Amino acid sequence: MSIDTARDGIGTQLAHLGRPAQAGARTVVNPPVMRASTVLFPSVADMEADAATPYDGLHYGRQGTQTTFALEEAAAALDGAYRAIALPSGLAAISVAVLGYLAAGDHMLVVDSAYGPTRRLADLFLKRFGVETTYYAPGVGAGIAELFRPNTKVIYTESPGSLTFELSDIAAITAVAKARGIATVMDNTWATPLFFKPLDHGVDIAIQAATKYVVGHSDAMMGLVSCTRAAWPKAREAAGLLGYHAGPDECALALRGLRTMEIRLRRHQDSALIVADWLAARPEVRRVLHPARPDHPDHALFTRDFLGSSGLFGVVIDPVTKPQLAAMLDGLRLFGMGYSWGGFESLIIAPNPHKLRTASPWTEPGQLLRLHIGLEDPADLIADLDAGFARLHAAA
Ligand SMILES: *Cc1c(COP(=O)(O)O)cnc(C)c1O
């Protein structure tokens, strides 16, 4: 059995990637979960040979086992990457991707709408080691070149941005970055490689919080780093030096998630658009922040670059009091309140992006709500939100 990513459809790829051949004529469908710390070498010669290529095949549990390698192989194929690395969380993937490139005295450019913990990594941690970060507006495009300094080593992008869902022109950014030898890293958690392929747009390293749509069932943490041939040694070394390890059980859950990822994502996409349309017609809603909708300011970029949309979007509703917000959200029957997203269940949070932005202030006076539309029936989700708005008014 072999998969041709140039020819086979995405459903076929997801069903067959990451299923290495097993010894013997009869095999099980899924690669076994191989738990390990110690790996035994048959000879001194083999141990010496292994030292030259510690990241090829079994070496020591920390670098993974056949279960890890199967997931990494599938992730690399989906992204059109040279190789991928499985890591214990999405945030670990982000840190590995940038740390591979950065040293004291370097400068990094980060999109202003980046995932909050990415900003904290830059502002509270990398800063301590002499790495300076400048934030840029998501719509910067090729104008990012004006922010380049002689010591700029990394551009970090995320599109759409967390919470506020602005898109960035990734091809424009990577074109000017390449001309200056600056590496680009993209957080592609929202679109996943099914709907956007960062490496095809010139990105050097694509990361995913596989905790979200790859795992898809809210029961495991996982990060994936997909690298070009040039980027791989840097990221692999950073992951190795930091001692990051993705557990084999989590890798198996991520592989299981991949099998159904296309049908889940299409359902998330369709239901999210149904709920977003309903919200757009509500009197309480000022703006819907969903790039697949024609009323989104970056919709042209969306249709140019993306093959689809996922289940996560925002709405800005009229300003509300705390008791009104609590009355709406506390009483929801189906939407849960909690971090993360990408699972089968719907979620809602009321974040405040104002305090996260520094380069392009978020001036929207209304209340932002971020929704993740799960796999429930959209009519039930709409009824839940409808009742929520009624409680919000009653609490006025
Ligand atoms: C959740 C998330 C992450 C971090 O993933 P974890 O697995 O929770 O560490 C990174 N980027 C984005 C956009 C996310 O939503």
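All ligand and atom numbering here is 1-based and tracks the order in the structure. Note that this is a predicted model, so its numbers are computed, not measured.
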The residue among Val110, Ile144, Asp169, Ile170 that forms side chain to side chain contact (heavy atoms under 4.5 Å, CB included) with Thr157 is Ile170
Does Arg120 make a cation-pi contact with Phe125 (under 6.0 Å, within 45 degrees of the axis)? no
Between Ser310 and His268, does any side-chain donor sit less than 3.5 Å from a side-chain acceptor? no
Distance-only polar pair, side chains of His201 and Thr174, donor-acceptor under 3.5 Å: no
Thinking salt bridges, do Lys197 and Asp79 make one under a 4.0 Å N-O criterion? no
Mind checking the CZ-NE2 spacing from Arg259 to His16? Nearest 0.5 Å is all I need. 9.0 Å
Write none if no such pair exists; otherwise list each N/O atom of ligand 1 with its protein N/O partner under 3.5 Å and the distance.
| from | atom 1 | to | atom 2 | distance (Å) |
| --- | --- | --- | --- | --- |
| ligand 1 | 7 (O) | Gly90 | N | 2.8 |
| ligand 1 | 7 (O) | Thr211 | OG1 | 2.5 |
| ligand 1 | 9 (O) | Gly90 | N | 3.1 |
| ligand 1 | 9 (O) | Leu91 | N | 2.9 |
| ligand 1 | 11 (N) | Asp187 | OD2 | 2.6 |
| ligand 1 | 15 (O) | Lys212 | NZ | 2.7 |
| ligand 1 | 15 (O) | Trp341 | NE1 | 2.9 |

